[in-house]
Amino acid sequence: MPELPEVETFVRALRPALLGRTIQGVRNDWPAQLAKPDPDEFERRIQLRTVESLERRGKYLVFKLDENETLIIHLKMSGHLSIENVSKSVDKHVHTSFLLNGKEELRFRDIRKFGRVYLVNNPDEVLGDLGPEPLSDEFSDQWLIENLLGRKRILKPLLLDQNFIAGIGNIYADEALFQAKLKPDRRSNSLSNSEIQGLRQGIQKVLSLGIKEEGASIDTIYRKPDGSMGFMQDSFAVYGRTDMGCLRCSGKIKKIILGGRGTHFCDQCQL
DNA sequence: AGCTACTCCTGGTAGC
DNA sequence: TGCTACCAGGAGTAGC
């Protein structure tokens with residue numbers, strides 16, 4: 001479940017290998033993965049485009065190409081990107097490959113097939129509604145105070161709303177709320193200013209740690225491009241720790257469903 | 001405005 | 001062993 005830190009890890013690993021490379025073509029055996037435009041046009045427009053930059057926006061990888069084209073990839077639940085020699089056998093879960101100069105290709109492996117690829121002239125077609133980056137200056141205490149108190153949303157689903165903040169997923173939402181000592185079902189307009197400051201700090205703390213640890217690898221779901229594991233899972237305080245002891249107090253970690261998602265918290269020290 | 005339910009997918013696993 | 005049923009979840013959408 002690549003979230004902001006996992007996507008950032010992909011971007012940092014792939015960037016040096018992709019900058020300046022030319023995409024000679026695309027191979028796809030599952031058209032639904034090419035979300036926009038239709039596969040024929042996608043194939044035609046991406047031919048011979050050069051990668052000028054690779055950045056992350058929320059959970060999206062954003063490849064700026066020449067000729068005013070932008071390639072955008074969302075890994076969703078189980079997506080994985082790697083650069084392989086064309087002679088290496090192709091895993092059955094690879095449905096889209098970008099052929100590069102130099103006998104290599106960027107392979108998009110995606111077991112659950114939720115991931116999507118876009119090719120657009122205007123990135124705002126895909127990214128336009130995203131909220132601020134949680135590790136940017138824009139995401140300040142003042143911004144959060146205004147935007148939490150101005151709504152009456154339940155905190156956990158609100159943190160998962162990409163149009164509110166971009167990049168937080170189920171794991172980091174639970175971990176951030178634990179750090180902030182806030183119950184996931186609190187209403188956004190019920191927080192004090194100091195609780196909001198704690199939430200901002202909690203979000204930034206867990207995301208920064210996630211990047212430092214190069215993401216969280218659970219089961220076989222997330223791996224770095226080279227197939228190795230990140231280490232963030234070793235720092236989880238609540239996610240996946242149902243019925244285990246709280247690391248901060250004598251409480252026990254509970255799991256409930258909020259907004260349709262598994263939600264982990266300590267009901268003793270998260271208030 | 002904000003919530004729930006449903007949809008898309010597959011691999012892993014619990015239960016029999 | 002082998003089968004079935006169910007679960008995980010990001011995000012869009014329909015409906016209340």
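Letters A, B, ... are given to chains in the order of the sequence lines, protein chains preceding strands, and every chain is numbered from 1.
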### Message
Going by side chain to side chain donor-acceptor pair (under 3.5 Å), A:R49 matches just one of A:D66, A:T22, A:T70. Which one?
### Response
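Filter result, single survivor: A:D66.
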### Query
Is the closest basic N to carboxylate O distance between A:E3 and A:K59 below 4.0 Å?
no
Kindly state each residue pair satisfying salt bridge (charged side-chain N to carboxylate O under 4.0 Å, His left out) with at least one member in [range], sequence neighbours excluded.
range: residues 134-144 of chain A; answer: A:D141-A:R200
range: residues 184-194 of chain A; answer: A:R186-A:E195
range: residues 248-265 of chain A; answer: A:K254-A:D267

#### Entry: Five-pair end axes of the helix from B:dG2-C:dC16 to B:dC16-C:dG2 and the angle they enclose, rounded to 10°
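Terminal axis comparison yields 50°.
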Is any side-chain heavy atom of [Y] closer than 4.5 Å to one of [X]?
X: A:L159; Y: A:Y172; answer: no
X: A:L160; Y: A:I165; answer: no
X: A:I83; Y: A:L18; answer: yes

Can you check the [X] [atom1] to [N] [atom2] distance for me, whole Å?
X: A:R112; N: B:dG11; atom1: CZ; atom2: P; result: 9 Å
X: A:D110; N: B:dG11; atom1: CG; atom2: P; result: 11 Å
X: A:M77; N: B:dC8; atom1: CE; atom2: C1'; result: 12 Å
X: A:D91; N: B:dT10; atom1: CG; atom2: C1'; result: 13 Å
X: A:F114; N: B:dG11; atom1: CZ; atom2: P; result: 13 Å
X: A:F108; N: B:dC9; atom1: CZ; atom2: C1'; result: 13 Å

### Message
With ring-ring contact (aromatic ring centres under 6.0 Å, His included) as the rule and sequence neighbours excluded, what pairs involving residues 98-138 of chain A come up?
### Response
none
### Task
Can you tell me which residue pairs pass the ring-ring contact (aromatic ring centres under 6.0 Å, His included) test with a partner in residues 234-271 of chain A, sequence neighbours excluded?
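Checked against ring-ring contact (aromatic ring centres under 6.0 Å, His included) - neighbours excluded - the pairs reaching residues 234-271 of chain A are A:F236-A:Y239, A:Y239-A:H264.
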### Task
State which residues pass side-chain contact (heavy atoms from CB on, under 4.5 Å) with A:R107; sequence neighbours excluded, sorted by chain then number.
A:S82, A:E84, A:K88, A:V90, A:V94, A:S97, A:E105
### Query
Which residues within residues 147-157 of chain A lie with some heavy atom under 4.0 Å of an atom in DNA chain B?
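Result for residues 147-157 of chain A: A:R151, A:K152, A:R153, A:I154, sorted by number.
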### Query
Are OP1 or OP2 of B:dC9 and a side-chain N or O of A:H93 less than 4.0 angstrom apart?
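No, A:H93 has no side-chain N/O under 4.0 Å of OP1/OP2 on B:dC9.
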### Query
Phosphate oxygens OP1/OP2 of B:dA1: is one of them under 4.0 Å from a side-chain N or O of A:R187?
no
### Task
Identify, with sequence neighbours excluded, every residue that meets side chain to side chain donor-acceptor pair (under 3.5 Å) alongside A:D91.
A:R109
### chain A footprint on DNA chain C, 5' to 3' - any atom under 4.0 Å from a heavy atom
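Boundary nucleotides touching chain A, in 5' to 3' order, are C:dA8 to C:dA11.
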### Task
Identify whether any heavy atom of A:G260 sits under 4.0 Å from a base atom; if not, whether one sits that close to sugar-phosphate; answer base, sugar-phosphate or nothing.
nothing
### Query
Which word best sums up how the rings of A:H95 and A:W30 line up, parallel for under 30°, tilted for 30 to 60°, or perpendicular for over 60°?
tilted
Can I get a per-line list of side-chain donor-acceptor pairs under 3.5 Å for residues 146-155 of chain A, giving both atom names and the distance, sequence neighbours left out?
{"unit_1": "A:E146", "atom_1": "OE2", "unit_2": "A:Q142", "atom_2": "NE2", "d": "3.3"}
{"unit_1": "A:N147", "atom_1": "OD1", "unit_2": "A:R151", "atom_2": "NH2", "d": "3.3"}
{"unit_1": "A:N147", "atom_1": "ND2", "unit_2": "A:W143", "atom_2": "O", "d": "2.8"}
{"unit_1": "A:R151", "atom_1": "NE", "unit_2": "A:N147", "atom_2": "O", "d": "2.9"}
{"unit_1": "A:R153", "atom_1": "NH1", "unit_2": "A:D161", "atom_2": "OD2", "d": "3.4"}
{"unit_1": "A:R153", "atom_1": "NH2", "unit_2": "A:D161", "atom_2": "OD2", "d": "3.4"}

### Message
Which residues in residues 159-173 of chain A have a heavy atom closer than 4.0 Å to any atom of DNA chain C?
### Response
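Per residue number, the list reads A:Q162, A:N170.
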